[in-house]
Amino acid sequence: MYGDGMSEQAVGLRELKKRQTRENISNQATRLFLERGFDNVTIAEVAAAAQVAKMTVTNYFPRKEDLALDTHELFVQSPARTVRERRPGESALAALRDAYLAAVAGHDPIIGFSGPRFARMIVESPALVARLREFHDDREKALAAVLAEETGAGPDDITPRVAAVQLSGVLRLLFEETLRRTLDGHDDEEIAQVIAGYARTAFGALEPSLAGYAARPAR
């Protein structure tokens with residue numbers, strides 16, 4: 001028992017060390033990118049700032065873009081998780097709308113409340129703009145997959161993909177509008193008030209086709 005306990009403790013310490021190393025690299029990279037611009041900072045400079053080997057940086061972040069956009073998994077999977085965890089009787093549309101409005105109220109960075117310096121860093125780098133586009137595309141695919149799973153759609157049924165395109169399109173539009181308003185100098189509270197209204201309008205426009213789609217059976 002003693003040996004097992006020590007082994008579990010060692011594993012826990014190793015995982016903690018990995019998490020701390022990853023966070024340190026990410027924090028140092030973000031600081032440098034904000035100071036000098038993403039395209040003007042090298043992986044070697046990030047490694048030096050974080051006091052680790054260059055290979056350590058690439059082990060944690062195989063793509064330089066992910067040093068700046070260190071939220072791929074959360075960004076991509078959040079809508080799919082929202083649909084999977086929707087309440088009985090709730091449709092995919094209703095679940096995503098309510099989750100989005102809650103994120104707006106909380107000024108969640110995942111939906112674009114990143115602050116002007118970070119927003120400017122993104123739009124000034126073609127590499128980051130392209131990577132963010134991949135985030136949106138991956139999110140759409142993840143949402144289509146969970147909609148197919150939740151509705152029991154067959155492999156030749158295009159309906160989940162059509163619904164995912166519509167729902168993800170709204171999320172992408174709102175993200176881009178949040179980013180634009182951030183760059184225009186509006187504060188988070190001002191942006192939230194406008195974006196909440198836009199979200200109700202945008203999701204409302206999908207109700208004729210998706211109001212009852214993927215509604216979880218009431219218990």
What I'd like to find out is whether the side chain of [X] reaches to under 4.5 Å of the side chain of [Y], using heavy atoms alone.
X    : Y    : answer
R81  : L74  : yes
L132 : F175 : yes
E85  : E90  : no
L96  : L143 : yes
I122 : L69  : yes
T21  : I25  : yes

Testing the basics here: between [X] and [Y], what is the closest heavy-atom pair and its distance to 0.1 Å?
X    : Y    : result
H186 : I191 : O-CD1, 3.4 Å
P217 : P88  : O-CB, 3.8 Å
Q166 : S209 : NE2-OG, 3.8 Å
L32  : A49  : CD1-CB, 3.9 Å
A50  : Q28  : CA-CG, 3.9 Å
G89  : A215 : O-CB, 4.4 Å

Requested in this report: Check each of L101, D98, L171 against F203 using the side chain to side chain contact (heavy atoms under 4.5 Å, CB included) test, and report the only one that passes.
Outcome: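 Answer after filtering L101, D98, L171: L171.
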Rounded to the nearest 0.5 Å, how far apart are [atom1] of [X] and [atom2] of [Y]?
X    : Y    : atom1 : atom2 : value
R22  : L67  : CZ    : CG    : 9.0 Å
L34  : R117 : CG    : CZ    : 4.5 Å
E124 : F38  : CD    : CZ    : 13.0 Å
L167 : R172 : CG    : CZ    : 13.0 Å
F113 : E189 : CZ    : CD    : 8.5 Å

Query raised in the report: Are R133 and H136 close enough that a side-chain donor and a side-chain acceptor fall under 3.5 Å?
Result: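 Absent: no donor and acceptor within the cut-off.
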Report task. Taking atom types as modelled, find out whether H72 and D138 have a side-chain donor-acceptor pair closer than 3.5 angstrom. Result ->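 Distance-only check passes for H72 and D138.
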Requested in this report: Tell me, with the steps shown, if L179 and S114 meet side-chain contact (heavy atoms from CB on, under 4.5 Å).
Outcome: CA-CA 8 Å; L179 202 65; S114 56; 4.1 Å; yes
So, does [X] use its side chain to make a donor-acceptor pair with the main chain of [Y] at under 3.5 Å?
X    : Y    : answer
D188 : H107 : no
S168 : V165 : no
S125 : L128 : yes
R216 : R84  : yes
R120 : G115 : no
T58  : M55  : yes
E190 : D187 : yes
K17  : G12  : no
T56  : V52  : no
S91  : A211 : yes

SB check [X] [Y] (cutoff 4.0 Å):
X    : Y    : result
K64  : D39  : no
E207 : R97  : yes
R181 : E177 : yes
E35  : R31  : yes

Query - Trace of the side-chain contact (heavy atoms from CB on, under 4.5 Å) decision for F61 with V46 - result: CA-CA 11 Å; F61 300 94; V46 171; over 6 Å; no
**Report entry** Test side-chain contact (heavy atoms from CB on, under 4.5 Å) applied to F118 and F33, step by step
**Finding:** CA-CA 9 Å; F118 196 88; F33 295 153; over 6 Å; no
Give a yes or no on whether [X] and [Y] share a hydrophobic cluster (residues Ile, Leu, Val, Met, Phe, Trp, Tyr; joining criterion: side-chain heavy atoms under 4.5 Å apart).
X    : Y    : result
V83  : L206 : yes
L183 : Y198 : no
F75  : L174 : no

Report task. Might you work through the side-chain contact (heavy atoms from CB on, under 4.5 Å) test for I111 and Y100, ending with a clear yes or no? Result -> CA-CA 8 Å; I111 65 168; Y100 184 83; 3.9 Å; yes
**Report entry** Heavy atoms of other groups near R87 CZ, more than 12 under 6.0 Å
**Finding:**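 Atom CZ in R87 is not crowded, with 12 or fewer foreign heavy atoms closer than 6.0 Å.
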Query raised in the report: Does CZ in R161 sit with more than 12 non-hydrogen atoms of other residues, nucleotides or ligands closer than 6.0 Å?
Result: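 Open: at most 12 neighbouring heavy atoms sit under 6.0 Å from CZ of R161.
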Query raised in the report: Is the Lys NZ or Arg CZ of K18 less than 6.0 Å from the centre of Y60's six-membered ring, within 45° of the axis?
Result: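 The answer is no, since K18 fails at least one limit relative to Y60.
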